[in-house]
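Input: a single structure, listed below in C-alpha cells.
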2 protein chains.
Amino acid sequence: MPYDPSAFPPFAVTVDLVVLTVRRHSLCALAVRRGEPPFQGRWALPGGFVRADEDLSQAAARELAEETGLCAHDPSVPAQDNGAHLEQLATYGDPKRDPRMRVVSVAHLALAPDLPAPRAGGDASNARWAPVEELLQQGGYGRDGEPVAPLAFDHALILADGVERARSKIEYSSLATAFCPPEFTVGELRRVYEAVWGVALDPRNFHRKVTGTPGFLVPTGGTTTRQGGRPAQLFRAGGATLLNPPMLRPEV
Amino acid sequence: MPYDPSAFPPFAVTVDLVVLTVRRHSLCALAVRRGEPPFQGRWALPGGFVRADEDLSQAAARELAEETGLCAHDPSVPAQDNGAHLEQLATYGDPKRDPRMRVVSVAHLALAPDLPAPRAGGDASNARWAPVEELLQQGGYGRDGEPVAPLAFDHALILADGVERARSKIEYSSLATAFCPPEFTVGELRRVYEAVWGVALDPRNFHRKVTGTPGFLVPTGGTTTRQGGRPAQLFRAGGATLLNPPMLRPEV
DNA sequence: ATCATAGTCGTCTGCCTGACGATAAACACT
DNA sequence: AGTGTTTATCGTCAGGCAGACGACTATGAT
C-alpha cells in the first residue's frame, strides 16, 4: 500500500443530497434541473463539489442550506426546530458514472418537514418537490401528462437507496418526527408513516404504540384542530432515538 | 454547481477494510502493521488506493483478496463457500485525517469464517487477527502485557462503526452465517451471536428461534460431534436474508 | 339537530419470547 | 460396565405485544 503522492489517480469528490419530505400525503424528494451538459435540462439530485478544507458532513450541510435554507442538525440528534435530519447515505464511484471524469459522490440523506417551494440559486423553475415514484419511474408520463425523463447520472439509484434507508429507519428509530413540524399530533405522525411506507395504519393501534413507547413523544399541553375533527393533543419529539420494540411495517 | 474540470480540488480515494471473524469465541478484526510513515509501526486497517478504472466495490474485493485470499460475494447474497460477505460501510473524509494530503476513504465491511493466519504481502508478522476490544482500547496494555498503541489514522473510528454495523445487522438478517463455515450446527451459529454481541444466549430458545424461522437454515442431513457432546445436525444457510421478526439482542 | 371527521380508550385473541425442566447422545473417566 | 460431563433438542408455561375492531368523545359543516 504505497502512499507515494504521485502514485494515486486524482478523483473529484462531490456530495449529492437525497432530501425527502412529506407533502400532500406522499413522499417527495427535492430535484433540481441541470443547466449544463451532460444531462442538460434533466432533473437531478442537488449536490456539488467538496471543498478542499471541508469535511464531508460540512459539505452536505452547506449544500442543503444553499438549496433549501435548512440548517442541518447534528446527526446524533433527532431533528427539531426548522432544522433537518442529515446523515451519510452511501458512496457511489462507478468509473463511468460521470462521462467527463472520475467522480466519487458521497450521497447524504436529509429528512425535512414540509417546506415552502424550494429555491435553486433563486430560480424556482429549476427546483421542485416531486413524488419519489415519479422520479424513480423509468420514462413514461408524469401526473401532468408531460413525458418524464429518468434522473441524470446514477441519481435514480441513489434516490432509491435513500428512500429505502428512510423506509427502514423509521421502523426502529424516532426519525419519522424529522418529517414533522416542531409540534405535531399523533395523527400527523401516523400520516408520515403512511406516506413513507405507502400503507394504511390502524389509528388506534398506532396511537397506543407511539404514546406507549417511553421517551418517544412528550406532550406539550396544547391541542389543535388543524386536521379537523376532535381536537388532538400536541407533542414534541422526545429524547428517545431508538424504538424498541420497533414499529412494524405491515407485510405486502 | 459548475463542473469545470479545473474548478475542483483533487482527492486521493482509498478503500479501507474492516474484516471481522470469530475466533476462540471472540470477535476479531484483521490488522496490518504500517511499514512506513506516518504511523510507521502502528497497526492499521488493511486498505489501499482505488485504481483509475476500478469501481469502489471492485477495489474493496481486490484488497480483500490480496490480504486474505478471500473471494468476495455479491453483496446481495449471503456468504457461502469460502467467500466472504462484503458491503460498503461508510466514507470518511475529514480534511486532516491523513497528514500528508486530502484522502477520502470508503470503508467496507467484510465478514469471514475463521481463517488460517493472515498474510500481508507474504509477511505474517505484519498482519494479525486481534480481538476488537483490544484494537479499540485507547492505549493501555494488551493480553500479552505488551503496550498497545491506538490504530493509525481514524481507523479506530472506522472499526467501531464496522463492529456496530455487524452487531446490529445480525439482529435482522441472516448475516451471522457469514461467520460460519459452509456447514455448521445451531450451536456454532449461537456461539457466533454470543461472540459478536458479547452476551450469553439460551441454547433452547435460540434453537427454537433459528430452526423455526422459514428459510433461515436448511438441514444438510449430516451430523457432527466436533464440538463434543451429543451429535448435532448440520445446516447450510437458507435463502432467506431477512429475519422477521428479528433476533432480539438481550438488554444491558 | 344531524352528520362527517378525527382522536382516544378498551377488549380480545393469537403469536412470540424468556425462563427453565427434561431427555438424548456422544465422550472421558474409573 | 457404570458414572459424570458436555452438548443438543424437545416441551411447558406465563407475560408482553400486535392486529382486529367496538365504543365513545369533541370538534366543524350542513
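Below, chain A is the first sequence line, B the second, and so on; all start at residue 1.
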Both Pro231(B) and Arg204(B) contact DNA chain C. Taking the nearest nucleotide for each, which residue is further toward the 5' end?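 Residue closer to the 5' terminus by nearest nucleotide: Arg204(B).
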Comparing Arg208(A) and Gly228(A) on DNA chain C - which has the more 5′ nearest nucleotide: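 The residue whose closest nucleotide sits nearer the 5' end is Gly228(A).
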Does [X] use its side chain to pair, donor to acceptor, with the backbone of [Y] at less than 3.5 Å?
{"X": "His155(B)", "Y": "Leu45(B)", "answer": "yes"}
{"X": "Glu63(A)", "Y": "Asp16(A)", "answer": "no"}
{"X": "Ser168(A)", "Y": "Arg165(A)", "answer": "yes"}

Gap between atoms [atom1] and [atom2], on [X] and [N] respectively (whole Å):
{"X": "Arg249(B)", "N": "dC16(C)", "atom1": "CZ", "atom2": "C1'", "value": "20 Å"}
{"X": "Phe206(A)", "N": "dG10(C)", "atom1": "CZ", "atom2": "C1'", "value": "19 Å"}
{"X": "His207(A)", "N": "dC17(D)", "atom1": "NE2", "atom2": "P", "value": "18 Å"}
{"X": "Met247(A)", "N": "dC17(D)", "atom1": "CE", "atom2": "P", "value": "14 Å"}
{"X": "Glu171(A)", "N": "dA18(D)", "atom1": "CD", "atom2": "P", "value": "13 Å"}
{"X": "Arg230(B)", "N": "dA25(C)", "atom1": "CZ", "atom2": "P", "value": "6 Å"}
{"X": "Asp202(B)", "N": "dG18(C)", "atom1": "CG", "atom2": "C1'", "value": "8 Å"}
{"X": "Phe235(A)", "N": "dG7(C)", "atom1": "CZ", "atom2": "C1'", "value": "11 Å"}

OP1 or OP2 of dC17(D) versus the side-chain N and O atoms of Lys209(A): is any pair under 4.0 Å?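 No, Lys209(A) has no side-chain N/O under 4.0 Å of OP1/OP2 on dC17(D).
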Do the numbers put Arg24(B) on top of the ring of Trp129(B), so that NZ or CZ is under 6.0 Å from the six-membered ring centre and no more than 45° off the axis?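 Output no; distance or angle outside limits.
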Report the distance from atom CD1 of Ile158(B) to atom CG of Leu151(B), rounding to the nearest 0.5 Å.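 Between atom CD1 of Ile158(B) and atom CG of Leu151(B) there are 9.5 Å.
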Side chain of Ala232(A) only, please: which of dG7(C), dT9(D), dT17(C) is the nearest?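 Selected nucleotide (nearest to the side chain): dG7(C).
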Regarding Arg190(A), tell me which of base, sugar-phosphate or nothing describes its non-hydrogen contacts under 4.0 Å with the strands shown.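 Since only primed, P, OP1 and OP2 atoms lie under 4.0 Å of Arg190(A), the category is sugar-phosphate.
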Taking any heavy-atom pair under 4.0 Å as a contact, classify Arg191(B): base, sugar-phosphate, or nothing.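 Sugar-phosphate, no base atom in range.
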Is there a donor on the side chain of Asn205(A) or the base of dA20(D) sitting less than 3.5 Å from an acceptor on the other?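 Flag set: donor-acceptor pair detected.
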